[in-house]
Amino acid sequence: MSDSIKGLKRTDYCANFGIKNVGDTVTVFGWVQRQRDLGNLVFIDLRDRTGIIQLSFNDHTDREIFAKAQSVRSEYVVAAVGTVAERESKNKDIPTGDIEVIVTDFRIVSKADTPPFEIEKSEKVGDDVTLKYRYLNLRNEKLTKNILMRHKIAQIARDYFYSNDFIEIETPMMIKSTPEGARDYVVPSRIHNGKFYALPQSPQIYKQLTMIAGFDRYIQLARCFRDEDLRADRQPEFTQIDLEMSFVDCDDIMSMAEGFISRLMKETINVDIPAQLPRMTFAEAMNRYGSDKPDTRFDMLIEDISDWADTTDFVVFKNAIAAGGAVKAIVAKNAAAVYSRKKIDKLTEHAKGIGAGGLAYIRWADAEPNCSFGKFLKEGQLDALLQQLGAEQGDVVFIISDKARKALTVMGALRQVVAKELGIIPEGMWNYLWITEMPFFEMDEDTGEWVAAHHPFTMPMEDSIQYLDTDKSKVKAQAFDLVLNGTELSSGSMRITDCQLQNKMFELLGMEQEEIDAKFGFLVDAYHYAAPPHGGMGIGLDRLAMLICGADSLRDVVAFPKVQNASEPMSGAPSTIDDIQLDELGLNIDSKDE
C-alpha cells in the first residue's frame, strides 16, 4: 500500500537547493534515479524536472524509514523530509553536488515496475522502444531540459510580443480546405455528411482577416498540420510563432523579429547576436551556396567555371553549356588526405542519387594533381583552372555540370556533405541570415510551367507587377526567409490587399473564377471593405528549439512526436474506428488492412 503525502508540501524543486540552504528543513518530491545500499548507509538520487538531489540515510535514521529506503527501486515516486547538509564527498557533475538531505521522514508514494530501459541511458536504446514508452523517455534529463527550453522559448515569445502591443488571437482548428502547398489533414463532418473540415496548414487567411478586422498586431503560438513526408526537421503537426502587422513594410516585420531573436538568444543561452541580422538576396544565396537556406558558418563557396569549361574538349561540360546550363565547382581545402578515390566514388553515387549526371574532380594529393577529365584538357588549361579557383596541393576540386539551377542545388547539397565529412563546420556559431528578393514564380522542371513559389496571398514587388503576364522570371516577391545555420526558421511576406490583383494571382495559378469564388470568395469579399497594408511571418518554434537545444531531430523537442510513417507508437495512432462511427459520419471504407 502506498504512503500518503497528506500534510506534506514541497519546499522547492530538487535542483533549486544549494550550499545557502545548509541547516534548512525541506520537503522534496520526485522519482528515484538510483539507490545505493552500503549496509549502514543508503543514498538515493532523487530526480524531478529540475534535476537531482541526494537523499542520505545513516545510523541515526529511524529504522523503519531506513528499511523503506533500502526497499526502493528505480523510478519509485517518493517524498522526503529532512535537513540540508554539506556533503563530505562532493559531486561537481550536478548543481546540487555540494549538499545532501539528511532524511527524517520518508514515504513511498508509488511503486514502479522495472522499466523497459534505463532512463539515464535511454539515448542508447532504439526508437521503437523509447517512443513506445515516451512518458518514461521524457524523464531522461536531456529530454526534460529540451521540453523546458521549448517552454521558455514560448514564454519569451509571448512576453516579447505582448510588450510590443501584439494581441493573441486564436484562429479556428477546423477550417475550409484551401490550397496552401501541402496535402491537408481532413476531418469528416457528422452533421454535414459528405463534407469535410481541414486542419490548418497555417492560420494564413484568418490572420489576414484579423488585420481587415482592425486588430493591427496579431500573435499566436499556432498549431499547424501538413500531410507530407517526414524528415528529421519536419513533423506532421508543428507549432509556429505566428505574427501579422498592419501599416508596415518588410523592414518593419524583419526588425520586429530581430528584436525577438536577440532577446531569445540572450535569455536562453546567453548569446549576443547583432541587432540587425545580415541580409543576402536569394540570387546570391543560390549562386554562392547552392541553397536558399545557406549555412554561412564555413566557406567553400560555389564558383562558376562555365567560361573556362567551354574552352575544353570535355563533351560533358560543353553539352551542358550548349543546352543553356552551367559548370559549377567547389574547392575542398586540405581534403585530399580524406577523399581517397574510393571515397570520391561514394560521393559520386550520392550526387547521382540527388539528381546529378556525375561528379568530376581534381584531387591534388601529390606533386601533380589527378584530374578525372584530364585527357580532354589542352596544355596549361588545368593550371589555369587551379589558379582561377585558388586551389593548392592538398585540395580537392569537385565539379558539377547541368542545368544551372540543378547544378547549383546539387553542388549546394554536396557542399554540406563534404563540410561534415571534413569536420569544418564550427560549433557554437549562430549565423542568422535574412534571405530577401525572393522570386515570385519558379519553373517546374518536369512540366516547364511557371508555378507560385509562395502562398497566393504574397505581394509582388511593385516594379515587378508589370511582368506578371510577360516574363514571370522577372517577378520578385515582397517576401523573406529567416535562416539559422542552414535551417529555414521562417517565411514571411507582405500580403496582397487589392481584390483585383488577388483575383489575378489566383488566375495565374490556373484557377477558374468558379474555383476562386468557391475556395477564396470570403477573403476576396473582405477586401471590398477596405484592407490595411499588412504582412507577417511564422517562426518555427519546434525548429528553433531543436537548434538552440543542439538536438538532431524535432523528436527531441516535441513531447509526443510522430515517426517516419506519421504514426505515434505510444498510443497506436492513427487507428481504425468502429462501424457505428463510420455510419454517423456517412463514410464507407472499401478495404481495411488486416
Side-chain angles (χ1 to χ4, degrees), residues 30-31 33 47-50 74-75 77 110 112-113 115-155 157-158 170-174 182-187 197-203 220-242 268 487 489 538-577:
W31 283 259
Q33 176 107 322
R47 180 189 69 238
D48 64 16
R49 76 185 196 196
T50 63
S74 294
E75 302 311 311
V77 176
S110 180
D113 293 340
F117 52 86
E118 193 173 347
I119 303 298
E120 293 175 81
K121 301 177 181 178
S122 63
E123 63 272 9
K124 298 180 180 179
V125 182
D127 286 346
D128 55 336
V129 176
T130 55
L131 289 173
K132 181 178 179 180
Y133 298 95
R134 183 65 169 182
Y135 47 87
L136 295 179
N137 197 22
L138 285 171
R139 296 180 188 176
N140 177 278
E141 180 184 15
K142 182 179 179 180
L143 285 183
T144 299
K145 286 184 175 179
N146 287 353
I147 297 300
L148 292 175
M149 176 60 80
R150 179 191 170 96
H151 161 72
K152 188 170 185 178
I153 293 170
Q155 183 180 40
R158 283 195 163 100
E170 292 184 351
T171 53
M173 297 294 278
M174 296 194 300
R183 287 181 294 272
D184 284 332
Y185 280 103
V186 295
V187 180
Y197 301 100
L199 300 181
Q201 294 185 33
S202 77
Q220 183 182 193
L221 269 60
R223 294 292 286 168
C224 305
F225 307 84
R226 294 178 187 176
D227 184 4
E228 52 191 358
D229 295 334
L230 305 194
R231 60 192 188 200
D233 64 348
R234 180 186 286 167
Q235 282 277 307
E237 50 185 320
F238 59 95
T239 303
Q240 65 184 32
I241 303 167
D242 201 49
T268 53
T487 297
L489 290 179
I539 304 171
L541 175 58
D542 312 279
R543 289 186 181 180
L544 193 54
M546 180 182 75
L547 293 170
I548 288 178
C549 291
D552 296 323
S553 168
L554 289 183
R555 291 184 191 178
D556 295 334
V557 295
V558 174
F560 300 102
K562 303 293 190 294
V563 295
Q564 186 69 33
N565 64 0
S567 66
E568 189 208 300
M570 184 188 69
S571 69
S575 62
T576 58
I577 60 175

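For the atom pair OG1 (T239) and CG (L554), the distance works out to 10.5 Å, reported to the nearest 0.5 Å. Put simply, CZ on R226 and CG on D184 are 10.5 Å apart, with the number rounded to the nearest 0.5 Å. Note that CG of L489 is 11.0 Å distant from CG of D542, once rounded to the nearest 0.5 Å. Atoms OG1 and CD1, on T268 and I153 in that order, are 6.0 Å from each other to the nearest 0.5 Å. Taken to the nearest 0.5 Å, the CG atom of L544 stands 6.0 Å off from the CD1 atom of I241.
A side-chain donor-acceptor contact under 3.5 Å links E568 to the backbone of S571. For the pair R47 (side chain) and W31 (backbone), a donor-acceptor distance under 3.5 Å is absent. For the pair Q235 (side chain) and K562 (backbone), a donor-acceptor distance under 3.5 Å is present.
R158 places a side-chain heavy atom less than 4.5 Å from the side chain of L221. Counting only heavy atoms from C-beta outward, the side chains of P236 and Y185 approach each other to under 4.5 Å. Counting only heavy atoms from C-beta outward, the side chains of P569 and V563 approach each other to under 4.5 Å. The shortest distance between side-chain heavy atoms of R150 and V558 falls below 4.5 Å. Counting heavy atoms from C-beta on, the side chains of T171 and P200 never come closer than 4.5 Å. Between P203 and C224, some side-chain heavy-atom pair lies under the 4.5 Å cut-off. Using a 4.5 Å heavy-atom cutoff, the side chains of K132 and M570 are not in contact.
Screening I147, I119, T144, N146 for a side-chain contact (heavy atoms from CB on, under 4.5 Å) involving L138 leaves a single residue, I147.
Under the side-chain hydrogen bond (donor to acceptor under 3.5 Å, both in side chains) criterion, the residue pairs touching residues 543-558 are D127-R555, with sequence neighbours excluded. Evaluation of the salt bridge (charged side-chain N to carboxylate O under 4.0 Å, His left out) test over residues 133-142, restricted to residues two or more places apart or in two chains, returns E75-R139, E141-K145.
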- Could you check Q240 against S202 for side chain to side chain donor-acceptor pair (under 3.5 Å), going step by step and ending with a plain yes or no? CA-CA 8 Å; Q240 65 184 32; S202 77; 5.0 Å; no
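Within 6.0 Å of atom CG in D113, 12 or fewer heavy atoms from other residues, nucleotides or ligands are found, so the atom counts as exposed in its surroundings. Few gaps surround CD on Q155; more than 12 heavy atoms of other groups in view lie less than 6.0 Å from it. Around OH of Y133, the count of heavy atoms belonging to other residues, nucleotides or ligands within 6.0 Å does not exceed 12.
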